[in-house]
Structures are given as C-alpha cells and as structure tokens.
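One structure is given below, encoded as structure tokens.
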Amino acid sequence: MNLQDEINQLNPMQKKAVLNTEGPMLVLAGAGSGKTRVITVRTAHLLNLGTSPENVLAVTFTNKSAQEMKRRVSSLLGRGNSKGRLMVSTFHSLCLSILRHNAKHIGYKNNFSIFDTSDQLSVIRNILSDIKFVDKNFKADAILEKISLMKNTDPINHKNPLSNHDPLYDVLEILYPRYVETTQTLNAMDFDDLIVNTIKLFKTNPDILEKYCNKYRYIMVDEYQDTNTVQYQLIKQLAHPRENLCVVGDDDQSVYAWRGANPGNILNFERDYPDAVVIPLEQNYRSTGNILTVANTVIKNNKKRMEKTLWTDKGLGAKVYIMKASDEVDEAQWTAQRISTLALEKTIPYESFAIMYRANIFSKLFEAELRNLKIPYTVIGGTSYFDRKEIRDIIAYLKLIANTDDAVSLLRIANIPRRGLGNTTINQLKEHADANNIQLFNAFEASNNPHAVEFTELIAHYRDIFSSGKDMRMAMASLIKEIDYNEYIYSLYKSNTIALKRIENVTGFIDTIERFCGDGTILLPELLERLALNDNPYETKEESVGVTLISLHSAKGLEFPVVFISGVEDGIIPHKKSVVVTGGIEEERRLFYVGVTRAMNILFLTYTSFRKKYGKSSPSFTSEFINELPKSAIMYVNRNEDNAMEDDQTVKAHMERIRKILG
DNA sequence: GAATCACGCATTTTT
DNA sequence: TGCGTGATTC
C-alpha cells in the first residue's frame, strides 16, 4: 500500500494530525487510537513532502519502539529510502551521541563510562563509607532514588526535592554534590547525567545548541506523558525557535511519576506553546464497547486530566467479568482453569492471553498453576540476564578496559578471580590514590605490589587487543581464559551444576555480544554503549510463547485478546504505598486504566477474600476501583457456577472473531 | 576468606 | 514467607 492510500484510510482526526506538519502540536492519543500509525505515517508524509531525513528527529523512550518506528516508516516509503539517515532515537542514545562529540566542553573525556544502577549504588556506598556515615535508616537505594529525582527535577540549582523535615534531607545536601563530583572524577555518567549534561552543554555552548537546532527542524516525541522535567527542557531547547514540535501522548496513561515523569508536561503543553494545535484521538480500534465503558467510567474519576472519551464502532462485546476468589491460590487456579477452558474449548491460542498484576512477585502463583495445567507461559520483566554476577563481572572487565578511570569497575574485579589483592591492600592503594590525587588505576600501576601491577598490565594488554578492532568474540574468550574465570566460578559454588550453569551464562554472553555486533565489527566503546542502553539493533523480534505474565506497568503499549487483571484489591491496586506519594491515587487509577485498555475482547478482573501477605493470611478488601465500575458493563462470575460465560452468546461470537483475527 | 546466622524487609522500571 | 544483606565467628 502506498502512502497516499495509507493517509486516505485514516480517520479525520488522525488525518489532521498527519497533515499538520508545521508548528507545535499535541496529539492526545487515547489508548488504542492508532497512535503509532499516526506517528509513522506523519513522518513518512513529512519526508514525502521533501523534508530531508536528517532534518527530522523522532524521540522515543525505548529502543524497541525506536526500531519499530524506523521499520514502519521505511516500509511506508519503500525500500532503500532514508531509513539510515532518519534519526529515530531514545532520549538517552540521542544525548549520548551528542555528548560523545562534545565531552570536553563539560569536563569529561570522550571515553566516559555509563553507570547503571548497581554502579551508582557502589558509588553511594563508597561515599557513605568514606565519610564514615553509618546509619541503617539511610539505605543506598533510597538515597539513589532521591538523587535521581533531584537530577531529574532541578539539576542545575540543586533543588532538594525533600522537605527539610525529611531525615534524608541533610544527608542528600551532602551526598548529592559529592556523588556528582565522584562520578565525574571516574569519568562516568549515569543515565540521568546523559540528559542533564546535554542540557548543560547546550546552556553553556549556545553555538553547539544552534547547530543541533538547525539540524533537527522537525521534532516528534512519543509517550510525552512520560517525559521528566529535564527531558522537557531538552526538547524545548532543541525545538527553539522553529517549534515544529509534535508531541504524542496520553495523560491518562501517565504511570511513571514515581520515577520523575512529569504529567504536567502534557497538561501544560498549550500554556508552554500558545500556538499549539491539540488533536484528540478518541476512536479506539482495540477494544469492544463494554471494556471501553469500564475504562471511561473509571478514568473520569480523575480530576487532573484532559477530557476525552474513547469510543468504538465495534459494538458492546462481552461484559467485563469479575471473579471473586477465596484466596490467592484459588485466584491463580481459577485463572489457569479459565485459560485452559477457553483455549481448549474455543481453540484460542495461549498467546492471546495475558495475566496482569501490580507487582512482579505475584507472578509466582500463576506460574505454578499454569505449570500444573501444562499451559505454556512467558514471564515478562523481573531480574535481567545482565544482572547476574558472572555477567556483571565480565562487563566490569570490559568497562575498565575502555575507561581505566572507572574505579567502580576496577574495585569490583580487582580481586575477581582472586589474585592476592584483598581488602587491606586495596584500601592502602585507595588511600595512596586519594592522598596523591591520582586515579586508582594509576596507583595500582605505580604500586610496588606485583599483583596490582600485573593486573594493570593485563588490562592494558586487553585495551590494545580490543582497540585494534580484532574479532570481539576471540578477544573476550581469550580474556576469560587468561583470568581463568571458569576455575573461579567452580571454586565459588559448591554445587557443580550451579557452577556449570554460571559458566554457560558466560558463554551465552559471548554469543549475545556477537548478536549485538551484527555483521560488521564494532569497537568496544560502542559495544558497551549498546549494552548499557540495552540497544541491540540486530535483535530479531521474537514472538513470546504461551500465556503472557506481565506487570501492569510493563503492559503499557501492548494488547491482548483476553486479559486477566489480578489482585484488584485495596492496598494492591491502588497500592498502599503509592497512595501517599507523588502520583497518589490518580496515578493508581491510571495504572488500572492502562490494564483495562489492554484488553481487546475479553477482560476479567479478579480479587480475593483472603490473601497471604508475608506469610500470614489476612482478609482482603475490594479495590475502590471495582466500586467505580458501571453496572451495565460488568458481570459477576461465581466460582461454583462458573458457567455464565459458556452460555453467553456474545462471548461465542467474539471468540469467533478472535479466531478470525488470528487466522 | 569463608561459612553461618540473624535480621529486616517486602511496588512499579527503562535507559 | 522467603530472600538478600551484613555481622559474626572461626
């Protein structure tokens, strides 16, 4: 299908958004309203009008959506067309590429490292121990969260986000500058720094900013409701003065305030850009009528939102089913049984089902019950492959090889595998480095400890090997062999099976790396960037197998024919801890709304009478959101006479549709 | 440096 | 309840 046909098929609002290419525009894209389609067709249209692809910048939050967007734009324009020159990028990778070219202007070397969360935690723990600050009430991860919030809200004026009654307030006043100083000394940036430092770069070097402003004449931002204050500032800087800025988002799906997202960015768009055109997309192409009625009714209870009502021409469809289980085991069994029945009797593929929950911990019981019934499933989220100790160790080697100033990586692996560099020796070296104001690595080099010197020689040797651009796999394999990492793993774990598994992980990691590299060879710094930003341009998108188990947060952006939202109980949704913080009950309601609007044809809401919490069973109470549901669109299903659905002709008709859709 | 134990804590997560 | 951390001990 060519572009013009594609445009002709859009609904009037979508078409308006696509054809309006100049000036600021807010596309208020309701759930399932064809948002991605609008963005991609709009981009293709822009290019088709003669705009050069290098003058267009599209910003997303995840690499996955960036890749998806590139793919769709290039398929709209036909092959060989501009895919490579079009800048579709995440906030972080955009900033990273800007900073790599301009590192010296903000006091960094261009081989700066990117620190992930665990690197950040190490920095904080080191500072705490340096200043001999011991207080169990101040945990590194709580401090980190606040530091991140501080950076994301007001990095330049160092505005403390806490009230001065908060016990963490004073700690943060001391730690924040120290943390910033330390990371800079280590020639490292954390994820927040990537954005913050870009803003600073632009503030202090208007000429550099101007260059980028001239380059990016048309800017699009996806998921605008998730932008935080610094991302907002960045976009504002870049869009000036043309303001050909198209932001797309849905304030009702803003569920990341707790990590700094500022829904005010979308709510205030018209105030910030007075000439803005606002286009609401309210026709929903995903869900049937009753599901949308439930979604609309619930979300209307939020006060701070932009008014919109989703509608569909699909008809009412099945009612939203509500199941009250006796306890969490019953809930999981019931859900698994329902899936089994629907799958077998109505021949719905398992891939059409999703079970959603507020917290990943809840996946356990569902997994067990699905296993019981031999139903295949995929759990999304949880701890990442890259968080494993053995993978982190190897990555620490690579990071140190790429940036010897990275003392966090250095300290991680100085004695892994053991090479006679115990705590005492390392502390002496640290003191020596501090006293002489030199990098720790240089203190190792200059030390009269042969182990320390040998270690730096090893790193230097591999620095040469990796920078020569030789085969990455060979270099890695040889490094792992030279340090005898496998032997170390065997010595670490008593059980051979566990040790073998860990070793397999390391081998698997080398394979993963190869996939990150694609056909061509890339150098170590680029590999590390891709690893840090989780950006694998060669990853083949694999269809997940079986029933999807997923948190409500992770489900944003996805859709499934049949959805179960579990644990719709007071304290879970809304979560007891969320009610008192940033987003409060309204954000919880949005999260629930996100879950509801994932469902295409059938939606179940489940909750319990009793639930085991921390080992002991206590009564659970229905979520207030259940009470907000419109009576006309819902139907209660009883455990003992669980046959209501089978008699429901609408369900049969809709199952028929699902089968058709899925071929 | 390793093994053991007690204690405390317990959303959401991408980059 | 169950895991991860940190202290304690050998």
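Letters A, B, ... mirror the listed sequences (proteins, then strands); counts begin at 1.
Here the P atom of nucleotide dT11(B) and the CD1 atom of Ile550(A) are 19 Å apart, to the nearest Å. Spacing between atom CD1 of Ile573(A) and atom C1' of dT12(B) amounts to 11 Å, rounded to whole angstrom units. As a whole-Å value, the separation of Ile572(A) CD1 from dT11(B) P is 11 Å. Between the C1' atom of dG2(C) and the NZ atom of Lys612(A) lies a distance of 12 Å, rounded to the nearest Å. Between Ile585(A) atom CD1 and dT11(B) atom P there is a gap of 17 Å when expressed in whole angstrom units. As a whole-Å value, the separation of Phe362(A) CZ from dA10(B) P is 14 Å. Atom CE in Met356(A) sits roughly 16 Å away from atom P in dT12(B) (whole-Å rounding). The distance from atom NZ of Lys616(A) to atom C1' of dC9(B) is 14 Å, rounded to the nearest whole Å.
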**OP:** Give the intermediate values and the outcome of side-chain hydrogen bond (donor to acceptor under 3.5 Å, both in side chains) for residues Asp190(A) and Gln120(A).
**Re:** CA-CA 7 Å; Asp190(A) 63 29; Gln120(A) 292 176 279; 3.1 Å; yes
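Electrostatic pairing of Arg392(A) and Asp116(A) counts as a salt bridge here, judged by a charged N lying under 4.0 Å from a carboxylate O. Comment: Glu223(A) engages Lys35(A) in a salt bridge, judged by a side-chain N to carboxylate O separation of less than 4.0 angstrom.
Between Lys576(A) and dA10(B), a side-chain N or O to OP1/OP2 separation shorter than 4.0 Å is absent.
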Give every pair of a protein N or O atom and an N or O atom of nucleotides 13-15 of chain B that lie under 3.5 Å apart, one pair per line with the distance.
from	atom 1	to	atom 2	distance (Å)
dT13(B)	OP1	Ser551(A)	OG	2.6
dT13(B)	OP1	Ser554(A)	OG	3.0
dT13(B)	OP2	Asn360(A)	ND2	2.9
dT13(B)	O4'	Arg259(A)	NH1	3.4
dT15(B)	OP1	Asn63(A)	N	3.0
dT15(B)	OP2	Asn534(A)	ND2	3.1

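Side-chain proximity of Arg125(A) to the nucleotides dA10(B), dG1(B), dG6(C) is greatest for dG6(C).
Shortest non-hydrogen contact noted between Phe366(A) and Glu331(A) is CZ-OE1, 4.1 Å.
When side chains are defined from C-beta on, Ile565(A) does not count as touching Phe604(A), because their heavy atoms never get closer than 4.5 Å.
In this structure Phe61(A) satisfies the ring pair (Phe, Tyr, Trp, His ring centres under 6.0 Å) test together with Phe91(A), sequence neighbours excluded.
Distance check on atom C1': dT13(B) versus dG2(C) gives 23 Å, rounded to whole Å. Straight-line distance between the P atoms of dT5(C) and dT12(B): roughly 16 Å, to the nearest whole Å.
Taking the six-membered ring where the residue is Trp, His553(A) and Tyr256(A) present tilted rings, their angle falling between 30° and 60°.
At the heavy-atom level, Asn415(A) lies under 4.0 Å from the strands shown only through sugar-phosphate atoms.
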